[in-house]
Participant: 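Structure below; questions to follow.
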Amino acid sequence: SALLPTPIDYTTNSLNAALGYLTDKGQFELAYKGSFFSNNLEALSWDSPFNETGSRGPVGSTAQPPENQFHQVTLSGAQALSDTTRVNGFASVGLMLQDESFLPDTVNPALTPNIQPEDSLDGEVYLYNALLSLTSRPMPGLNLKASYRMQRRDNETDKDEYTYFVNDTQRGGLPQPTDTNQPYSYDKRTLKLDAGYRINRTARLSGDLSRETFERSPSEVKETTEDKGQLKLRLTPLDNVQLSISGGASSRDGTTYHTNPDENTLLRKYNIADRDRVTGGLDIAYQPNDRLSLNANLQYSDDDYDDTEVGLTEAKLASITLDAAYQWSEDLFGHAYVGRDRYESEQAGSQEPSSPDWFVDNEDTVDSVGLGLRWKQSERLEIGSDYTFSRSKGETDMKSYNPLPPVSPFPDLETKMHSLRLYADYKLEKNTTLKLSYRYEKYDEDDWSLDGVRPDTIPEVLLLGEEAPDYNQHVFGVSLVTRF
C-alpha cells in the first residue's frame, strides 16, 4: 500500500428556488434544493513503486468520487392559533442518485477483470424529514412546548455480490474474495416536551423530557430507545449575581445485540450499546460594578456502559471556564479567560474471542487562556487585539493480563499553540469599511505515531514521510466591506 496526494478537478452546481405566502397569523414556504456534482477525474493511476515484474503489475489505480445528484422539496410553515399558542413545522422529501459506471476491478494486464452483476451501483436513497411543534403560554410565567421529529433514510439501492482482486494479484490460485454492498437505512423518531416557569422575580425553573427511538438496518442492534430528562434552575439572589444550576440523566437501551461474523461476541460498539449518562452544570455571573463582569462555568458528564465487557466501558468529561470583562470607558473594552477541559475514558479489549484481558485508560487535558482589547479611537476608527494560548496533553495507559506480548504506556501526545491577532477597521463612508489585519500563529506538536516515521519505515508500505505539524505563520489581510 502507499499514500499519495490526489488531484482535484470537480464541479458542484447548486439550484435553489422558493415560493412564500404570508398572512396576518401565519407564513408558509415551498422550496426546492438541487445539487449536481461532476468529477472530471474518473480514476487515479500511478506507476508501481514495487517490483514491476512481480504479480501486482506495473501500474495501480483507484476510483475517484463518483458523479451524483441530490434533490429536495420542503414545505414549511407557522400559524398562530391564538395570542398565546403557535404551531409550526416542516416536511421534506429528498432523493440522492448515483449511477457512475464501475471501473474494472484490476488494471493488471496479466489479469482479466471480473464480470460484475451490475454495470453501476444505480444508487437511490430517499430522505424524509418532518417536524411538528406546538408552543403555548397558558398563564403568565408558564411556557410549554411539545415537538415531534421524524428523520428517515430509505436506501433503495439493490444489494449484489461482487468478486474482486486483492492488490491486483491472483493470490496464488486461491479463490477470489467476494463482498456484498450493504445499503444503510434508518428511522429516527423524537418526542420532546419542554416547560419553563417563573417562580418569582428571582427564580425560574425549566426542564424537558424526551424519548428517541432509532431503528437501523443493517446494524448489530435493530432498535435503540433513549429517554432523557433535564432540569435547570436560574436564580438571581442579588441584582448583580445570577446563578444557573442544571442536571440531567439519560438511559439508552437496545434490542438484542448481534455481533458480526468473526467478531468477539462480547464486543459492544459505543454508539449503539446500552448506556447511562449523568450530566451537571453550574453558571455563576457576578457584576460588582458597571465596569466589571465576572463569570464561571462548570460542566460535567459521566457515561457508563455497564453491559459492555469488550469495548468502551466508561467516559467522563469535566470542564471549567473563568472569564472577565472590563470597560475602562465607552471606547475601551477588555476581556480575558482561562479554562481547562479533561476527558477520561476506559476501554476493555480481548486478544482472543473470550473475556477481556487488556485495558486502556485515556486521559486528555486541554488548557487554554486568552485576552483581548478593543479601542474605538473615533467614530471612524476601531482597533483591537486578541491573544490565545492552548496546550493539550493526551495520556494512554495500557494494562494486560497476558505476559506476551509485553505492553507499556504509549508516549504522551502534546500540542501547543500561540495565536495573536491585530486589526483595525476604518469607516470610509456610512456603509463602507476598510479592514486591515495581522495574524501570527505558532504551533508545536509531539506525535509519536508521526515523528521519526520515514516513507519506508513499514515494509511494503510507502508513506509520505509526514511529520507532526510544527510551524510559525504570519498572515496579513486587507478587505473592503460595503453594505447595500
Side-chain angles (χ1 to χ4, degrees), residues 230 232 243-250 270-271 275-286 293-305 311-326 334-349 359-373 384-399 408-422 439-453 466-475:
Q230 179 171 288
K232 183 176 182 179
L243 303 176
S244 292
I245 306 171
S246 62
S250 66
Y270 74 93
N271 64 312
R275 182 195 67 194
D276 293 323
R277 170 176 289 175
V278 177
T279 61
L282 174 64
D283 288 284
I284 305 174
Y286 174 52
S293 62
L294 304 172
N295 294 274
N297 174 267
L298 293 88
Q299 298 293 328
Y300 176 80
S301 69
D302 187 351
D303 294 350
D304 286 322
Y305 301 83
L312 182 66
T313 58
E314 187 173 8
K316 295 181 180 181
L317 165 65
S319 69
I320 179 172
T321 303
L322 306 175
D323 62 84
Y326 190 79
H335 66 90
Y337 72 89
V338 59
R340 164 168 281 201
D341 297 327
R342 173 169 288 184
Y343 307 85
E344 299 178 15
S345 65
E346 297 179 6
Q347 178 180 341
F359 306 88
V360 177
D361 293 338
N362 292 295
E363 182 176 305
D364 298 326
T365 304
V366 181
D367 296 312
S368 58
V369 297
L371 53 90
L373 287 173
S385 64
D386 292 290
Y387 169 76
T388 59
F389 169 74
S390 65
R391 177 181 60 194
S392 68
K393 183 177 182 179
E395 300 175 84
T396 303
D397 184 25
M398 293 193 65
K399 300 176 182 178
S408 60
F410 286 112
D412 294 342
L413 302 174
E414 297 184 0
T415 66
K416 292 181 181 179
M417 187 181 74
H418 300 264
S419 179
L420 173 66
R421 175 175 172 261
L422 306 175
R439 181 166 182 172
Y440 169 73
E441 187 170 287
K442 177 178 173 59
Y443 183 84
D444 296 301
E445 179 177 318
D446 294 328
D447 187 342
W448 59 268
S449 66
L450 295 176
D451 295 336
V453 180
E466 179 185 3
E467 293 285 342
D470 184 0
Y471 62 83
N472 292 275
Q473 187 177 53
H474 303 266
V475 178

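FYI, side chains are in, hydrogens and waters are out, and symmetry mates aren't considered; it's all heavy atoms of this structure. Position 1 is the first residue of the sequence; numbering continues from there.
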Participant: Just verifying a value: how many Å separate Ser419 OG and Gln473 CD, rounded to the nearest 0.5 Å?
Facilitator: 9.5 Å
Participant: With a 4.5 Å cut-off on side-chain heavy atoms, are Asn362 and Tyr343 touching?
Facilitator: no
Participant: Over 60° means perpendicular and under 30° means parallel, so tell me whether His474 and Tyr440 are parallel, tilted or perpendicular.
Facilitator: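 The rings of His474 and Tyr440 sit tilted, inter-plane angle from 30° to 60°.
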Participant: Run the side-chain contact (heavy atoms from CB on, under 4.5 Å) check on His335 and Asp386 step by step: do they pass?
Facilitator: CA-CA 9 Å; His335 66 90; Asp386 292 290; 3.3 Å; yes
Participant: Looking at Lys416 and Asp444, does any basic side-chain N land under 4.0 Å from a carboxylate oxygen?
Facilitator: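 The answer is no: the pair does not qualify as a salt bridge.
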Participant: Report yes if the side chains of Leu317 and Gln299 come closer than 4.5 Å at any heavy-atom pair, otherwise no.
Facilitator: no
Participant: Before giving the answer on side-chain contact (heavy atoms from CB on, under 4.5 Å), spell out for Glu363 and Asp361 the whole-Å C-alpha distance, their side-chain angles and the decisive distance to 0.1 Å.
Facilitator: CA-CA 7 Å; Glu363 182 176 305; Asp361 293 338; over 6 Å; no
Participant: Tell me, do Glu467 and Leu450 make a side-chain contact under 4.5 Å, heavy atoms counted?
Facilitator: no
Participant: I'd like to know whether Arg439 forms a salt bridge (Lys or Arg N to Asp or Glu O under 4.0 Å) with Glu441, so could you lay out the CA-CA distance, the side-chain angles of the two residues, the decisive distance to 0.1 Å, and finally the verdict.
Facilitator: CA-CA 7 Å; Arg439 181 166 182 172; Glu441 187 170 287; 3.4 Å; yes
Participant: Tell me, yes or no, whether the heavy-atom count around Tyr387 atom OH, taken from other residues, nucleotides or ligands under 6.0 Å, exceeds 12.
Facilitator: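 More than 12 heavy atoms, drawn from other residues, nucleotides or ligands, come within 6.0 Å of this atom.
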Participant: Ignoring hydrogens, what is the shortest heavy-atom contact between Ser301 and Thr279? Give both atom names and the distance.
Facilitator: CB-CG2, 3.9 Å
Participant: Please name the pair of heavy atoms, one in Ala468 and one in Asp447, separated by the smallest distance, quoted to 0.1 Å.
Facilitator: CB-CB, 3.9 Å
Participant: Nearest 0.5 angstrom please: Leu413 CG to Ser392 OG, how far?
Facilitator: 8.0 Å
Participant: For the atom pair OG (Ser385) and CZ (Arg421), what is the distance rounded to the nearest 0.5 Å?
Facilitator: 9.5 Å
Participant: Indicate the atoms forming the closest heavy-atom contact of Lys393 with Asp412, along with that distance.
Facilitator: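 Looking at all heavy atoms of both residues, the closest pair is CE-OD2, 3.1 Å.
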Participant: Nearest 0.5 Å, what's the CD-CD distance between Glu414 and Glu445?
Facilitator: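 So the gap between those two atoms works out to 10.5 Å.
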Participant: For the CZ atom of Arg275 and the OG atom of Ser250, what is their distance to the nearest 0.5 Å?
Facilitator: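 Spacing of CZ (Arg275) from OG (Ser250) equals 5.0 Å.
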Participant: For Thr313 and Gln347, which heavy atoms make the closest approach, and how far apart are they?
Facilitator: OG1-N, 4.2 Å
Participant: Of all the heavy-atom pairs spanning Leu373 and Gly334, show the shortest one and how long it is.
Facilitator: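 The answer is CD2-CA, 3.9 Å.
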Participant: Given the rule in the side-chain contact (heavy atoms from CB on, under 4.5 Å) test, do Glu314 and Asp302 qualify, once you have shown the distances and angles that lead to the verdict?
Facilitator: CA-CA 8 Å; Glu314 187 173 8; Asp302 187 351; 3.7 Å; yes
Participant: For the CG atom of Asn295 and the CG atom of Asp323, what is their distance to the nearest 0.5 Å?
Facilitator: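 Result: 4.5 Å between the selected atoms.
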Participant: Can you tell which of Ile284, Leu282, Thr321, Asp283 makes a side chain to side chain contact (heavy atoms under 4.5 Å, CB included) with Leu298?
Facilitator: Leu282
Participant: Please step through side-chain contact (heavy atoms from CB on, under 4.5 Å) for the pair Phe359 and Glu346, ending with a clear verdict.
Facilitator: CA-CA 7 Å; Phe359 306 88; Glu346 297 179 6; over 6 Å; no
Participant: If you look at every heavy atom in Val453 and Trp448, which pair is closest and at what distance?
Facilitator: CG2-O, 4.5 Å
